[in-house]
A.B. asks: 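Quick one: the structure is below, questions incoming.
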Amino acid sequence: MDHRRADTLGTVSATPRFRFAPSPTGYLHVGNARAALFNWLEARRIGGEFLLRIEDTDRERSSSDLTENILESMRWLGLDWDGDIVHQAEHLDAHVDGARSLLAAGQAYWCDCTPEDVDGRRTDKSASGYDGHCRDRDIAEGPTTALRFRAPDEGTISFDDLIRGDVTFDVATIEDFVLLRSSGLPVFLLSNAMDDASMGITHVVRGEDHVNGTPKYLLLRDALDLGRPDVFAHLPMLVNESRKKLSKRRDSVAVGDFRERGYLPQAMRNYLALLGWGPKDDVEIRPIAEIIERFRLEDVNPAPAFFDEKKLEHFNAEYVRALSTDEFIDAVTPFLDQPAATLEPIRQMAPALQQRVRLLPDAEPMVDFLHLDQPVRDDASWEKVMVKNVDTARQMLAAALEAFGEVDWDHEALHACLLAVGEANGLKLGKAQAPIRVAVTGRTVGPPLFESLEVLGRDATLGRMRAALDALP
RNA sequence: GCCCCCAUCGUCCAGCGGCCUAGGACGCCUGCCUUUCACGCAGGUAACACGGGUUCGAAUCCCGUUGGGGGUGCCA
C-alpha cells in the first residue's frame with residue numbers, strides 16, 4: 001500500500017520492481033511458475049522487489065480457491081514476494097476512470113458493433129481486428145456500447161526487449177481495441193497497464209504470448225501519461241511434445257500435481273531455472289543462492305523450450321539423495337502407507353531407500369513387505385526365480401531356513417550365513433539370495449536384503465520362507 | 001491471411017569471429033563395481049536447418065529460403 005501511495009504522490013523509487021501477475025482462472029502451472037521464478041531470480045539478484053498481483057477482473061472465471069492454490073504453489077516453490085498482494089479487482093474503479101479520461105480527451109469512443117458486424121464488414125482477408133467503423137459516428141454511451149481506444153493511424157511503436165532486442169510494430173496494424181466492455185468492466189490490457197504504473201513496476205517480465213499486446217499496452221501508457229517501464233523481457237514459451245504452448249487443459253502441468261506426485265520443490269525450482277537459461281560453467285544442479293547469483297535475464301534463450309519430465313525426475317532423484325536422513329523421512333512419510341509400528345524399522349532403512357527413490361512414492365513398494373501379512377507377489381519375479389529355477393529355489397529356501405534358525409539376527413551375520421549356505425550349494429551370493437528375496441519381499445528388486453530381514457525379524461522371515469517353499473510348483 | 005518472434009545432439013543448456021576435431025546435462029547403449037535394484041565409475045551414441053554474402057577466418061555478423069512458435073476476443 002504504501003508503495004502505491006508513494007508512487008501516486010510522484011515519488012520515483014530507485015529500487016527495481018518486478019511483478020508476477022497471474023489470473024486465478026486455473027491452477028498455477030509450470031509455465032507460470034517459470035515466469036514467476038525468472039522474475040524472482042532477477043529481482044533477488046539485483047536487489048529489487050518482487051510483487052504479486054492477482055488479476056481477478058474476470059469475475060466469471062476467477063475464484064478465491066484458485067487464488068489460494070496459486071499462493072500455495074508459490075510458497076511451496078519458495079518464491080516469496082514483497083509487500084501486500086494486490087488484487088486487481090479492487091482497482092476497477094480507477095481503471096474505469098482512466099478509460100473515461102481518454103473518452104473525455106477524445107482518445108476513445110463508444111462503439112455498438114457486434115462481433116458479427118465487424119466480421120461481416122471484413123472484405124480484405126489480410127485485415128484483422130476492428131475496422132474503426134464507429135470512430136466518428138459519435139455514438140452515445142448505452143447498454144450495448146463498448147468503449148474503444150482511438151489508436152494512431154500511422155507511425156511505429158517499438159520497445160527494447162532484454163531477451164529479444166528491439167521489437168517494432170507498425171501502428172497501422174493496431175486496431176481500435178476495446179477499453180471498457182458493454183458490461184462496463186475494463187479489459188485486461190487497461191487494468192494491466194494502469195496497475196503496473198500505479199505499482200511502480202520497472203521490469204515487466206512475462207511470457208512471449210504478451211509480445212503482441214505490448215504496443216497496445218504502450219499506447220495506453222502514453223495516452224494516459226503514465227510513463228513506461230524501464231525494462232521489458234518476454235520469456236520463451238514452455239512447450240509440450242508436439243511443441244505447442246503448454247496448456248492447463250491439454251497437458252497435466254499443475255505445480256500442485258507435481259508436488260502430489262512426489263517431487264521436491266528444490267528440484268522443481270532448479271529444473272525450471274534451466275528452461276531457457278543455463279549457467280556458463282555448465283553446473284546444472286546447485287543451490288538456489290548460486291543460481292540467483294549467476295542468473296541474468298539478458299542471457300535467457302529466446303526460443304521455446306520443451307518441459308522434459310525425464311530430466312526433472314533425474315533432478316529430483318539427486319535432490320532426494322542430497323537430503324539428510326531426517327529430511328528424507330519427513331519428506332517420504334506422507335507418501336507411505338504404513339502403520340505406526342513399522343515407522344521405526346523404516347527409519348533404519350531410510351538411507352538405503354533414499355538411494356533408490358527417484359520420486360517419493362517409489363518408497364512404498366520397497367517397504368510394503370514390512371507391514372503386509374504376505375508380501376505382494378510380483379508375477380514376473382516369481383516366475384523367474386521360483387518357477388524357472390525351482391530346484392535352486394527349493395534348495396536355498398530349505399537350507400537357509402535351517403541356517404537362519406540359529407544365526408544372530410543382524411544383517412552382517414545374515415550376510416555371512418547366506419554366503420556360506422550359497423557356497424555349500426555351489427551358488428554365488430547373487431544367485432543364492434534371489435529365492436529368499438522373492439519369498440520375503442515378493443520381488444527380485446528392492447533395498448539390500450539382509451538389512452531388510454533384520455528389520456522384519458526372524459519369525460516373520462522364516463514364516464514367509466516356509467510359505468514360499470510350500471507354494472513352489 | 002496478416003503481425004511479432006525464433007532456429008546448436010532426440011531433449012535442455014554452453015558457445016557471443018580464430019581456443020570447435022562444437023562442450024555439459026537428461027535420455028539411450030556398453031562395460032566395471034556389486035547381495036538384487038539403485039548409486040558410483042569408465043566409455044559410446046548424437047547437432048551448428050538450407051542457400052547466399054561479409055571476413056584472412058563464421059556455429060558465431062548480414063540477407064534470403066525453409067521450418068517452428070506466439071498473437072490476431074467486448075479472455076487473461
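Chain naming here is simple, since letters A, B, ... match the order of the sequence lines and numbering starts at 1 in each.
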A.B. asks: Please evaluate the base of B:C74 for a donor-acceptor partner in the side chain of A:Ser183 within a cut-off of under 3.5 Å?
C.D. replies: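 Not at all, since no donor on one side and acceptor on the other fall under 3.5 Å apart.
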A.B. asks: Say you pick atom C1' in B:C37 and the same atom in B:U21; how far apart are they, in whole Å?
C.D. replies: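 Rounded to whole Å, the distance is 39 Å.
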A.B. asks: Would you confirm whether A:Asp410, through its side chain, and A:Ala413, through its main-chain N or O, come within 3.5 Å as a donor-acceptor pair?
C.D. replies: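 Yes: the side chain of A:Asp410 pairs with the backbone of A:Ala413.
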A.B. asks: With heavy atoms under 4.0 Å as the rule, sort A:Gly276 into base, sugar-phosphate or nothing.
C.D. replies: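 A:Gly276: backbone/sugar contact only, no base atoms under 4.0 Å.
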A.B. asks: Work out how far the P atom of B:C48 is from that of B:A59, and round it to whole angstrom.
C.D. replies: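 To the nearest whole Å, 11 Å.
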A.B. asks: Can you tell me, in whole Å, how much space there is between the P of B:A14 and that of B:U8?
C.D. replies: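 Comparing P positions in B:A14 and B:U8 gives a spacing of 11 Å.
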A.B. asks: Could you list all N or O pairs between the protein and nucleotides 4-11 of chain B that sit under 3.5 Å apart?
C.D. replies:
unit_1, atom_1, unit_2, atom_2, d
B:C5, O2', A:Arg164, NH1, 2.6

A.B. asks: In whole Å, what is the span from the CG atom of A:Asp281 to the P atom of B:G15?
C.D. replies: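 In whole Å, B:G15 P and A:Asp281 CG are 11 Å from each other.
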A.B. asks: So does A:Ser23 get a side-chain nitrogen or oxygen closer than 4.0 Å to the phosphate oxygens (OP1/OP2) of B:C75?
C.D. replies: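 For A:Ser23, the contact criterion (side-chain N or O under 4.0 Å from OP1 or OP2 of B:C75) is not met.
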A.B. asks: So, OP1 or OP2 of B:G40: does either fall under 4.0 Å of a side-chain N or O from A:Arg321?
C.D. replies: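 For B:G40, OP1/OP2 do have a side-chain N/O of A:Arg321 under 4.0 Å.
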A.B. asks: Both distances below 3.5 Å, Watson-Crick or wobble geometry, any strand: find the nucleotide opposite B:G23.
C.D. replies: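 Across all strands, the one nucleotide that pairs with B:G23 is B:C13.
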A.B. asks: Which listed nucleotide (B:G70, B:U36, B:G40) is nearest to the side chain of A:Arg437?
C.D. replies: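 Among B:G70, B:U36, B:G40, the one nearest the side chain of A:Arg437 is B:U36.
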A.B. asks: To the nearest Å, give me how far apart NZ (A:Lys216) and P (B:U72) are.
C.D. replies: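 After rounding, the reported distance stands at 8 Å.
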A.B. asks: Give a yes or no on this: more than 12 heavy atoms of other residues, nucleotides or ligands lie within 6.0 Å of atom OH of A:Tyr27.
C.D. replies: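 Result for OH/A:Tyr27: open.
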A.B. asks: Mind checking who B:C41 pairs with, Watson-Crick or G-U wobble, both distances under 3.5 Å?
C.D. replies: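 WC or wobble partner is B:G31.
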A.B. asks: Can you find a side chain N or O atom of A:Arg148 that sits less than 4.0 Å from OP1 or OP2 on B:C74?
C.D. replies: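 Yes, because at least one side-chain N or O of A:Arg148 sits under 4.0 Å from OP1 or OP2 of B:C74.
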A.B. asks: Expressed in angstrom and rounded to an integer, what is the separation of A:Ile157 atom CD1 from B:C3 atom P?
C.D. replies: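 So the CD1-P distance, A:Ile157 to B:C3, works out to 18 Å.
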A.B. asks: Would you tell me whether A:Thr173 and A:Asp170 have side-chain atoms, one donor and one acceptor, within less than 3.5 Å of each other?
C.D. replies: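 No.
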A.B. asks: Picking from B:C12, B:A14, B:G69, which would you name as closest to the side chain of A:Lys280?
C.D. replies: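 The listed nucleotide nearest to A:Lys280's side chain is B:A14.
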A.B. asks: Below 30° counts as parallel, above 60° as perpendicular, anything between as tilted: where do the rings of A:Phe307 and A:Tyr271 land?
C.D. replies: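 Perpendicular, since the angle between the ring planes exceeds 60°.
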A.B. asks: Determine the Euclidean distance between corresponding C1' atoms of B:A42 and B:A47; express it in Å to zero decimal places.
C.D. replies: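 Their C1' atoms lie roughly 24 Å apart.
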A.B. asks: Is it the case that the side chains of A:Asp166 and A:Thr168 hold a donor-acceptor pair, with the cut-off being a distance below 3.5 Å and no angle test?
C.D. replies: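 The answer is yes; a qualifying pair exists.
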A.B. asks: From CD of A:Glu309 over to P of B:C12, roughly how many Å is that when rounded to an integer?
C.D. replies: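 Those two atoms, CD and P, are 15 Å apart.
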A.B. asks: More than 12 heavy atoms of other residues, nucleotides or ligands under 6.0 Å from CD of A:Glu402: is that the case?
C.D. replies: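 Not buried by this count: 12 neighbours or fewer within 6.0 Å.
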A.B. asks: Considering heavy-atom distances to RNA chain B, does A:Ala21 or A:Glu284 have its closest nucleotide positioned more toward the 5' end?
C.D. replies: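 Here A:Glu284 is the residue nearer the 5' end.
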A.B. asks: Are A:Arg206 and A:Tyr217 in a cation-pi setup, meaning NZ or CZ lies under 6.0 angstrom from the ring centre and within 45 degrees of the ring axis?
C.D. replies: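 Cation-pi check for A:Arg206 and A:Tyr217: passes.
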A.B. asks: Quick one: A:Asp362 CG to B:C39 C1', roughly how many Å, whole number?
C.D. replies: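 Whole-Å distance recorded here is 14 Å.
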A.B. asks: In whole Å, what separates the P atom of B:A22 from that of B:G10?
C.D. replies: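 That atom pair is separated by 15 Å.
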A.B. asks: Do A:Arg148 and A:Tyr130 form a cation-pi contact, if we require the NZ or CZ to be under 6.0 Å from the six-membered ring centre and within 45 degrees of the ring's axis?
C.D. replies: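 So A:Arg148 does make the cation-pi contact.
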A.B. asks: Where the side chain of A:Gln355 is defined as all heavy atoms beyond and including C-beta, which of B:G27, B:A76, B:A38 is the nearest nucleotide?
C.D. replies: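 Out of B:G27, B:A76, B:A38, the nucleotide with an atom closest to A:Gln355's side chain is B:A38.
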A.B. asks: Taking the same atom, P, in B:G64 and in B:C2, what whole-Å distance lies between them?
C.D. replies: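 Straight-line distance between the two P atoms is 16 Å.
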A.B. asks: Under 4.0 Å between any heavy atoms, over every strand shown, what does A:Leu449 touch: base, sugar-phosphate, or nothing? Just pick one.
C.D. replies: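 Contact class for A:Leu449: base.
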A.B. asks: In whole Å, what separates the C1' atom of B:G23 from that of B:C16?
C.D. replies: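 Those two atoms are separated by 15 Å.
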A.B. asks: In Watson-Crick or G-U wobble terms, both distances under 3.5 Å, what is the partner of B:U66?
C.D. replies: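 Paired with B:A7.
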A.B. asks: Give me the distance, rounded to whole Å, that separates B:C62 from B:G69 when you measure between the P atoms they each carry.
C.D. replies: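 These two P atoms come out 24 Å apart once rounded.
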A.B. asks: Has the side chain of A:Glu313 got a donor or acceptor atom that lies under 3.5 Å from a matching backbone atom of A:Arg358?
C.D. replies: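 No, A:Glu313 side chain to A:Arg358 backbone: no donor-acceptor pair under 3.5 Å.
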A.B. asks: Can you tell me the pairing partner of B:G18 across any strand shown, Watson-Crick or G-U wobble, with both distances under 3.5 angstrom?
C.D. replies: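 Looking at the geometry, B:G18 pairs with B:C56.
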A.B. asks: Choosing from B:U35, B:G70, B:C74, which nucleotide comes nearest the side chain of A:Glu451?
C.D. replies: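 Nearest listed nucleotide: B:U35.
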A.B. asks: Is A:Thr25 touching bases, backbone alone, or none of the nucleic acid, heavy atoms closer than 4.0 Å?
C.D. replies: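 Contact class for A:Thr25: none.
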A.B. asks: Which is true for A:His234 with a 4.0 Å heavy-atom rule: it touches a base, it touches only sugar-phosphate, or it touches nothing?
C.D. replies: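 No contact.
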A.B. asks: Contact class for A:Thr144 vs. all strands (heavy atom < 4.0 Å): base, sugar-phosphate, or nothing?
C.D. replies: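 Counting heavy atoms under 4.0 Å across all strands, the contact made by A:Thr144 includes a base.
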A.B. asks: Can you figure out which of B:G71, B:U35, B:C74 approaches the side chain of A:Lys245 most closely?
C.D. replies: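 Ranking B:G71, B:U35, B:C74 by closest atom to the A:Lys245 side chain puts B:G71 first.
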A.B. asks: Using a cut-off of less than 4.0 Å, is there contact between a side-chain N or O of A:Arg181 and OP1 or OP2 of B:C75?
C.D. replies: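 Yes, A:Arg181 has a side-chain N/O under 4.0 Å of OP1/OP2 on B:C75.
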A.B. asks: At under 4.0 Å, does any side-chain N or O of A:Arg53 touch on OP1 or OP2 of B:A76?
C.D. replies: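 No, because none of the side-chain N or O atoms of A:Arg53 sits under 4.0 Å from OP1 or OP2 of B:A76.
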A.B. asks: Check the surroundings of atom NZ in A:Lys431: do more than 12 heavy atoms from other residues, nucleotides or ligands lie under 6.0 Å from it?
C.D. replies: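 At most 12 heavy atoms, drawn from other residues, nucleotides or ligands, come within 6.0 Å of this atom.
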A.B. asks: Considering all heavy atoms of both residues, which atom of A:Ile285 and which atom of A:Asn270 are nearest to each other, and what is their separation?
C.D. replies: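 Closest approach of A:Ile285 to A:Asn270: CA-OD1, 3.4 Å.
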A.B. asks: Please report the distance, rounded to the nearest Å, between CG in A:Asp368 and P in B:C37.
C.D. replies: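 The distance from CG of A:Asp368 to P of B:C37 comes to 19 Å, rounded to the nearest Å.
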A.B. asks: Over how many whole Å does the gap from A:Leu419 atom CG to B:U36 atom P extend?
C.D. replies: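 Interatomic distance, CG of A:Leu419 to P of B:U36: 12 Å.
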A.B. asks: Heavy atoms only, 4.0 Å cut-off, all strands: where does A:Pro215 land among base, sugar-phosphate and nothing?
C.D. replies: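 Touches nothing.
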A.B. asks: As a test of reading the structure: which of B:G27, B:U36, B:G70 is closest to the side chain of A:Asp209, going by heavy atoms?
C.D. replies: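 Given the options B:G27, B:U36, B:G70, the side chain of A:Asp209 is closest to B:G70.
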A.B. asks: Taking the side chain of A:Gln88 as its heavy atoms from C-beta onward, which of B:U35, B:A38, B:A76 lies nearest to it?
C.D. replies: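 Out of B:U35, B:A38, B:A76, the nucleotide with an atom closest to A:Gln88's side chain is B:A76.
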A.B. asks: Paired with B:U72 by Watson-Crick or G-U wobble geometry, both distances under 3.5 Å: which nucleotide is it?
C.D. replies: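 B:G1 - that is the nucleotide pairing with B:U72, both distances being under 3.5 Å.
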A.B. asks: In whole angstroms, how far is the P atom of B:C74 from the CH2 atom of A:Trp110?
C.D. replies: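 Those two atoms, CH2 and P, are 15 Å apart.
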A.B. asks: For A:Asp282 and A:Lys244, take the nucleotide of RNA chain B holding the closest heavy atom to each; which residue's nucleotide lies nearer the 5' end?
C.D. replies: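 Upstream on the strand: A:Asp282.
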